[in-house]
Number of protein chains: 2
Amino acid sequence: MKNKEIQEERMRGYFIEATKEILKGEGLRCISVRNIAERAGYSYATLYNYFGDSKELIYECVKDFQDECGESVKIDTANVSPGKKRLKLICKSYVKYFVQYTGIFELFFLEKISDLASKQPTVELIRTFIDRLCEDDWNHLISKKVITKRQAEQLKDQLRLTITGLLLFYINQRYPQSYEEFNKHLDEQLKLILNF
Amino acid sequence: MKNKEIQEERMRGYFIEATKEILKGEGLRCISVRNIAERAGYSYATLYNYFGDSKELIYECVKDFQDECGESVKIDTANVSPGKKRLKLICKSYVKYFVQYTGIFELFFLEKISDLASKQPTVELIRTFIDRLCEDDWNHLISKKVITKRQAEQLKDQLRLTITGLLLFYINQRYPQSYEEFNKHLDEQLKLILNF
DNA sequence: CTAATATAATTAACACTGTTAATAAAATCA
DNA sequence: TGATTTTATTAACAGTGTTAATTATATTAG
């Protein structure tokens with residue numbers, strides 16, 4: 001009875017790995033059931049023995065990508081102690097990850113989800129991700145009485161909305177046109193929000 | 001020679017009208033070439049005699065929707081003189097329009113555009129729309145020396161990013177869950193940005 | 001170790017999608 | 001009216017997600 005579970009989980013892993021590869025490489029618009037299955041080395045119908053539908057599969061990747069992004073942020077902010085400065089660094093590293101893998105941004109924020117109810121936990125994971133990345137820093141600022149809890153909540157909202165907006169316009173509408181300009185805009189917005 | 005142009009423009013109008021109806025009614029995911037053509041009373045292939053592809057057609061609707069939204073904003077802000085107060089009212093009316101017609105929000109901000117180059121003018125029209133709606137108010141505040149030109153530019157950016165972000169999370173991820181909560185969030189953000 | 005059964009993987013099929021080529025209908029003009 | 005040009009339609013292709021029927025592979029019982 002245990003072997004079965006191991007094998008089943010392994011099969012799921014093959015499809016998930018294939019999906020992640022396509023998402024990071026070719027991007028979200030190259031994702032298709034047949035495409036994924038081919039890369040995983042199975043027929044397209046086999047996929048339905050392990051996942052209810054294609055959306056369920058691609059949302060399985062969210063957690064992994066968040067872990068990877070988290071690692072990337074950790075590297076970019078190593079040896080910097082919690083506080084305003086690190087907060088900015090985290091945001092910039094977070095943004096950098098999605099600019100590098102625009103397909104993952106599309107999966108996180110642009111993909112229209114059918115049967116949203118079943119994906120609500122994942123959607124929540126996505127929305128609160130940036131907050132979790134900055135958790136220590138917010139707590140630090142609150143404990144040092146630089147800001148209040150209430151202010152922290154407002155700033156979290158502002159940061160999340162602004163950063164998502166920036167990425168949306170840059171990735172989906174090529175505005176600004178250059179990465180340099182984009183980074184300038186990002187810096188400006190971070191300064192506006194975070195120079196308390 | 002003139003008749004031909006008139007007839008051609010009329011045909012285009014039929015398809016555009018059908019597209020607008022579907023977008024406002026069923027939404028963006030119900031848009032399809034066959035669907036549009038059927039509502040327009042023609043075969044799906046006929047559409048290609050008047051539009052290069054389906055994307056070209058649906059982007060033709062942007063201008064009309066902006067006009068309609070502009071009218072709606074005008075009504076909601078009638079008899080209010082330019083300034084901080086009206087700025088907020090415009091933003092709230094703008095948001096209200098997209099909440100009512102979520103398909104139009106998806107068209108404006110979420111639709112991934114193939115051949116972005118040819119749609120760059122439309123994309124620009126979309127991005128600058130909220131700025132144009134608030135134009136008189138920004139000019140008023142600048143001329144009254146409440147804010148500088150530089151500040152106005154920053155605030156425009158902040159407003160555009162935040163509002164788009166709010167709508168993105170509400171429409172695409174159902175956060176917040178209720179319209180009341182959403183409006184509370186909107187009010188908070190507008191207050192944070194605009195109480196100069 | 002073979003035979004029956006249960007499980008897993010595959011192919012075929014359906015209903016869609018956008019788009020193009022070939023065909024049918026309609027309008028224009030000599 | 002008859003030939004030509006323009007316009008609209010159907011047929012077809014290559015895709016999409018998904019399900020049912022079929023084949024192949026394990027597993028278990030005798």
Side-chain angles (χ1 to χ4, degrees), chain A residues 1-19 22-23 25-61 103 106-107 110-116 118-119, chain B residues 1-19 22-23 25-61 103 106-107 110-116 118-119:
Chain A
M1 292 302 119
K2 202 72 186 214
N3 278 349
K4 192 166 176 175
E5 286 175 36
I6 291 173
Q7 289 164 18
E8 206 164 308
E9 204 47 49
R10 199 171 286 157
M11 284 293 288
R12 288 172 62 87
Y14 296 151
F15 286 109
I16 292 172
E17 214 50 48
T19 308
I22 298 172
L23 276 169
E26 294 93 324
L28 185 61
R29 69 208 84 195
C30 288
I31 284 283
S32 81
V33 173
R34 285 168 174 81
N35 219 339
I36 293 167
E38 187 188 23
R39 190 174 289 233
Y42 287 93
S43 170
Y44 49 87
T46 307
L47 191 150
Y48 289 92
N49 290 332
Y50 301 94
F51 301 92
D53 60 11
S54 64
K55 302 278 180 185
E56 187 186 319
L57 168 54
I58 68 170
Y59 272 93
E60 288 269 350
C61 305
E106 289 170 358
L107 164 60
L110 269 36
E111 181 72 353
K112 354 201 162 290
I113 25 204
S114 50
D115 185 23
L116 195 131
S118 74
K119 273 129 207 153
Chain B
M1 292 302 120
K2 201 76 185 207
N3 278 349
K4 192 166 178 173
E5 286 175 36
I6 292 173
Q7 289 164 17
E8 205 164 308
E9 205 47 50
R10 200 171 286 158
M11 285 293 288
R12 288 171 61 88
Y14 295 150
F15 286 109
I16 292 172
E17 214 50 50
T19 307
I22 298 173
L23 276 169
E26 294 93 323
L28 184 61
R29 67 209 85 191
C30 289
I31 285 283
S32 81
V33 173
R34 284 167 175 81
N35 218 341
I36 292 166
E38 186 189 23
R39 188 175 291 233
Y42 287 93
S43 170
Y44 48 86
T46 308
L47 192 149
Y48 289 92
N49 290 331
Y50 300 94
F51 301 92
D53 61 12
S54 64
K55 301 278 180 185
E56 185 185 321
L57 167 54
I58 67 170
Y59 273 92
E60 287 270 349
C61 304
E106 290 169 356
L107 164 60
L110 270 35
E111 180 73 352
K112 350 199 166 294
I113 24 202
S114 50
D115 185 23
L116 195 133
S118 74
K119 273 128 206 155

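What you see is a predicted model; the values in this text were computed from it and never measured. Per chain, numbering begins at 1; letters A, B, ... match sequence-line order.
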Round to a whole Å and report the spacing from [atom1] of [X] to [atom2] of [N].
X	N	atom1	atom2	value
B:Asp115	C:dT19	CG	P	12 Å
A:Asp53	C:dA15	CG	C1'	17 Å
A:Asn49	D:dT25	CG	C1'	13 Å
A:Glu111	D:dT16	CD	P	15 Å
A:Glu38	D:dG15	CD	P	11 Å
B:Phe51	C:dG18	CZ	C1'	16 Å
B:Glu56	C:dT19	CD	P	10 Å
A:Leu47	D:dG17	CG	P	10 Å

- Short side-chain N/O contact from B:Ser54 to OP1 or OP2 of C:dT19, under 4.0 Å: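 Answer is yes, contact under 4.0 Å.
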Nearest heavy-atom pair of [X] and [Y]: which atoms, and what distance?
X	Y	value
A:Thr19	A:Cys61	CG2-SG, 3.7 Å
B:Leu107	B:Leu28	N-CD2, 4.0 Å
B:Tyr14	B:Ala40	O-CB, 3.9 Å

- Item | Candidate nucleotides D:dT18, C:dT10, C:dT19, ranked by approach to the side chain of A:Val33 - the nearest |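 Selected nucleotide: D:dT18.
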- Query: What nucleotide among D:dA12, D:dT9, C:dT10 has an atom nearest to a side-chain atom of B:Tyr44?
  - Reply: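 Among the listed nucleotides, the one closest to the side chain of B:Tyr44 is D:dA12.
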Quick one: label [X] by what it contacts on the DNA or RNA (base, sugar-phosphate, nothing), any heavy atom closer than 4.0 Å.
X	result
B:Tyr42	sugar-phosphate
A:Tyr50	sugar-phosphate
B:Ser32	sugar-phosphate

- Message: Can you say whether a donor on the side chain of A:Arg34 sits under 3.5 Å from an acceptor on the base of D:dG17, or the other way round?
- Response: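 Answer is yes: a donor-acceptor pair is held.
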- If each of B:Met11 and A:Tyr48 is mapped to the nucleotide of DNA chain D with the nearest heavy atom, which maps nearer the 5' terminus, i.e. the 5' end?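 That would be B:Met11.
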- Report yes if some heavy atom in the side chain of A:Arg12 is under 4.5 Å from a heavy atom in the side chain of A:Glu9; otherwise report no.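 With C-beta onward as the side chain, the pair touches.
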Expected list for residues 43-57 of chain B: side-chain donor-acceptor pairs under 3.5 angstrom, two or more places apart:
{"residue": "B:Thr46", "atom": "OG1", "partner": "B:Ser43", "partner atom": "O", "Å": "3.4"}
{"residue": "B:Asp53", "atom": "OD1", "partner": "B:Lys55", "partner atom": "N", "Å": "3.4"}
{"residue": "B:Asp53", "atom": "OD1", "partner": "B:Glu56", "partner atom": "N", "Å": "2.9"}
{"residue": "B:Lys55", "atom": "NZ", "partner": "B:Glu111", "partner atom": "OE2", "Å": "2.5"}
{"residue": "B:Glu56", "atom": "OE1", "partner": "B:Gly52", "partner atom": "N", "Å": "3.0"}

